[in-house]
Amino acid sequence: MLETEKPLSEPLQVKLEKIKRLRKQGKTLYGGGFAPDAKVADLKKEFDSLEQGQKSGESFGIAGRIIIFRKHGKATFCDLKDSTGKLQLYLSQKVVGEERYQEFNELDIGDWIGVEGHLFKTRTGELSLSVDDFNLLTKSVRILPEKWHGLKDRELRYRQRYLDFLVNPEVREVFEKRIMVIDSIREFLKNEGFYEVETPMLQTLPGGATARPFITHHNALDLELYLRIAPELYLKRLIVGGFEKVFEINRNFRNEGLSYRHNPEFTMLEFYEAFSDYKRLILFTQRLIKYAAAKVGSLEITYRGKGISLSGDWKSLSMTDSIKEIGGLEVGFGMEIEKLASIAKGLGIEISDDFGKGKIIAEIFEVLVEPKLVDPTFITDFPTEISPLAKRNPKDPDLVERFELFIGGEEIANAFSELTDPSEQLQRFRKQSKSSDEEERLSGRIDKDFIKALEYGMPPTGGEGIGIDRLVMVLTDSQSIKDVLLFPLMKPGS
RNA sequence: GGGCCGUUAGCUCAGCUGGUAGAGCACCGGACUCUUAAUCCGGGUGUCACAGGUUCGAUCCCUGUACGGCUCACCA
């Protein structure tokens, strides 16, 4: 027990005394050397059809954590939980002898034990293991949370996630689904011929997105470094280098506020495909997300109380059309900027002086349309002003070849035909770096090495980012990003 | 960072108008050889988040602090 943690409750003190006593008696509390030869789920499957009164011919060894006792004098039932499920153990004094039986009854909920015995079915038909021998593998000192109500306190659940997994089985399912989503995306992309790569987390210029970075320092080089806010500029360098299809699934770090959909570190998929473009990515994205959704369950999902169908062809709308159709407002680049600004102000949007038409339209979109995009919808034709890395629409310089995908009101994907013209890229960066917005300025700090790479020639390329945490939230109907992160950021407890 | 709400036993929760706290699980002692939240008998184990203030008296009222939740802002 941590010495700093005092006073101890009486049940805890009693347990500590007991452990002291067991130690004095020379008992091994932290053992080892027991290798289970079976998993609970496998045994349950194999002996499902066992008749009552019948015993498995073979003896099996399993290991797990005791989660509950039901003691009956000279017989004891308890449930043992391993990574695959729980199995009832039956221990009879007649079988193991009085001394061993006493020792078993000194075990506590939470202890890890290894047991050996035969399988049988109880009177009520529950498959159980009749214990012939057992050993304590690890003594649990602390008292586990309650079996019935589980652990509800969100703070404790996030801070002590291991307990959350122990007593709230549905939490484990969410993370198993998260693992499946990531596995299936990898599988899909690899089948499509993509290489998985790793690009720098520590960057000398935080590029590829607009966000405040975490700043750190390299001692030996006496160099200011930034935790990456996006891998984009490095992945594009690989396209320049002749890799035609690359992806990375990894963490990005953004020094921004927290919310139900923001954690300072989050997992992003970015992939780039030479000779593709945003239109082809629309089709590709549908296939990718449908593939992942099908692997974890179904294309018919529920998110925040709303049924969402991922089947069929997903809707696609330009940003201004969506504002008209869903927001009921007609806006466009043909309007005077003053007019756009006053519409935005009427919606409670704050407009700075350096906002252009594009940024104002995007703000209106965010307020009026975004939350209403429940069924999967691609929004296309983003303003150039807010898309410094995307290729301009050849027919309309105000717009770029870009889309974002929304599901359940959440932004899931962001993709565009990449800007490949080095001089235009330089200009766009320069414009950004003059912005009054501190983050924009920092993000726009010109990565000359990246421009140089473009000067060597990047083939026409489609690139996309998918927020994995958001996608998992939608696919698991999780109300907070913290519920899909194993260890969400928490301030140190008091 | 702003607003609102919360923090009582290891866990889940009660606690009236201010009179120093109580229930289930867990735990401890006892009974019990097929239980399933086993049952039965007995036992309450607490810095009421923390620090001040008001009061004869504070878990309760007030102020501040910490942490969390929701929400707004920033962002994905």
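Please read these numbers as outputs of a predicted model, since none were measured by experiment.
Close placement of the A:Phe188 and A:Phe284 rings is indicated, their centers lying within 6.0 Å of each other. Taking the centre of each ring, A:Phe47 and A:Phe60 come in below the 6.0 Å mark.
In B:U35 the base sits anti relative to the sugar, since the glycosidic angle is further than 90° from 0.
Here the separation of B:C70 from B:G18, taken at their P atoms, is 32 Å to the nearest Å. Here, B:U8 and B:G44 have their C1' atoms 14 Å apart, quoted to the whole Å.
Under the Watson-Crick and G-U wobble criteria, each requiring two contacts below 3.5 Å, nucleotide B:U39 is paired to B:A31. B:C50 and B:G64 make up a base pair, with Watson-Crick or G-U wobble contacts both under 3.5 Å. Pair assignment for B:A23 gives B:U12, based on Watson-Crick or G-U wobble hydrogen-bonding distances that are each under 3.5 Å. Nucleotide B:C70 is matched to B:G3 when pairs are restricted to Watson-Crick or G-U wobble geometry with both distances under 3.5 angstrom. Base pairing analysis places B:U17 opposite nothing; no Watson-Crick or G-U wobble pair with both distances below 3.5 Å involves it. The partner of B:G44, taking Watson-Crick or G-U wobble pairs whose two distances both stay under 3.5 Å, does not exist in any strand shown.
Using a 4.0 Å heavy-atom distance criterion, A:Arg254 is classed as a base contact. Within the nucleic acid shown, A:Lys482 comes within 4.0 Å of sugar-phosphate atoms alone, with no base atom in reach, counting heavy atoms only. Residue A:Gly465 is classed as having no contact, given no heavy-atom separation below 4.0 Å to the nucleic acid. In this structure, A:Glu410 reaches neither bases nor backbone, as no heavy-atom distance under 4.0 Å exists between it and the strands shown. Heavy atoms of A:Asp153 sit under 4.0 angstrom from primed sugar atoms or phosphate atoms, though from no base atom. Among the heavy atoms of the strands lying under 4.0 Å from A:Asn263 is at least one base atom, whether or not backbone atoms are also near. A:Leu163 comes within 4.0 angstrom of nothing in the nucleic acid, heavy atoms only. Residue contacts shown for A:Leu258 include a base, since a base heavy atom lies under 4.0 Å away.
Of the residues in residues 85-95 of chain A, those lying under 4.0 Å from RNA chain B by heavy-atom distance are A:Gln88, A:Tyr90, A:Lys94.
For the OP1/OP2 pair of B:C11 and a distance below 4.0 Å, the side-chain nitrogens and oxygens of A:Arg157 include no atom meeting the criterion. Within the structure, a side-chain polar atom (N or O) of A:Arg70 is placed less than 4.0 Å from OP1 or OP2 of B:A38.
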Pairs: protein N or O with nucleotides 21-29 of chain B N or O, under 3.5 Å:
| unit_1 | atom_1 | unit_2 | atom_2 | d |
| --- | --- | --- | --- | --- |
| B:G24 | N2 | A:Glu146 | OE1 | 2.9 |
| B:C25 | O3' | A:Lys147 | NZ | 3.4 |
| B:A26 | OP1 | A:Lys147 | NZ | 2.9 |

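In the set B:G69, B:U33, B:C67, the nucleotide with an atom closest to the side chain of A:Lys491 is B:C67.
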Let me see the working for A:Thr267 and A:Arg178 under side-chain hydrogen bond (donor to acceptor under 3.5 Å, both in side chains), right down to the final yes or no.
-> CA-CA 11 Å; A:Thr267 300; A:Arg178 182 188 170 109; 3.3 Å; yes

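Here A:Phe77 does not lie in a stacked arrangement on the base of B:A38, lacking the combination of planes under 30° and ring centres under 5.5 Å apart.
Screening A:Phe416, A:Phe378, A:Phe382 for a ring-ring contact (aromatic ring centres under 6.0 Å, His included) with A:Phe403, the sole residue that qualifies is A:Phe378.
Annotation: cation-pi pair A:Arg65/A:Phe165 absent, no NZ/CZ under 6.0 Å from the ring centroid and within 45° of its normal.
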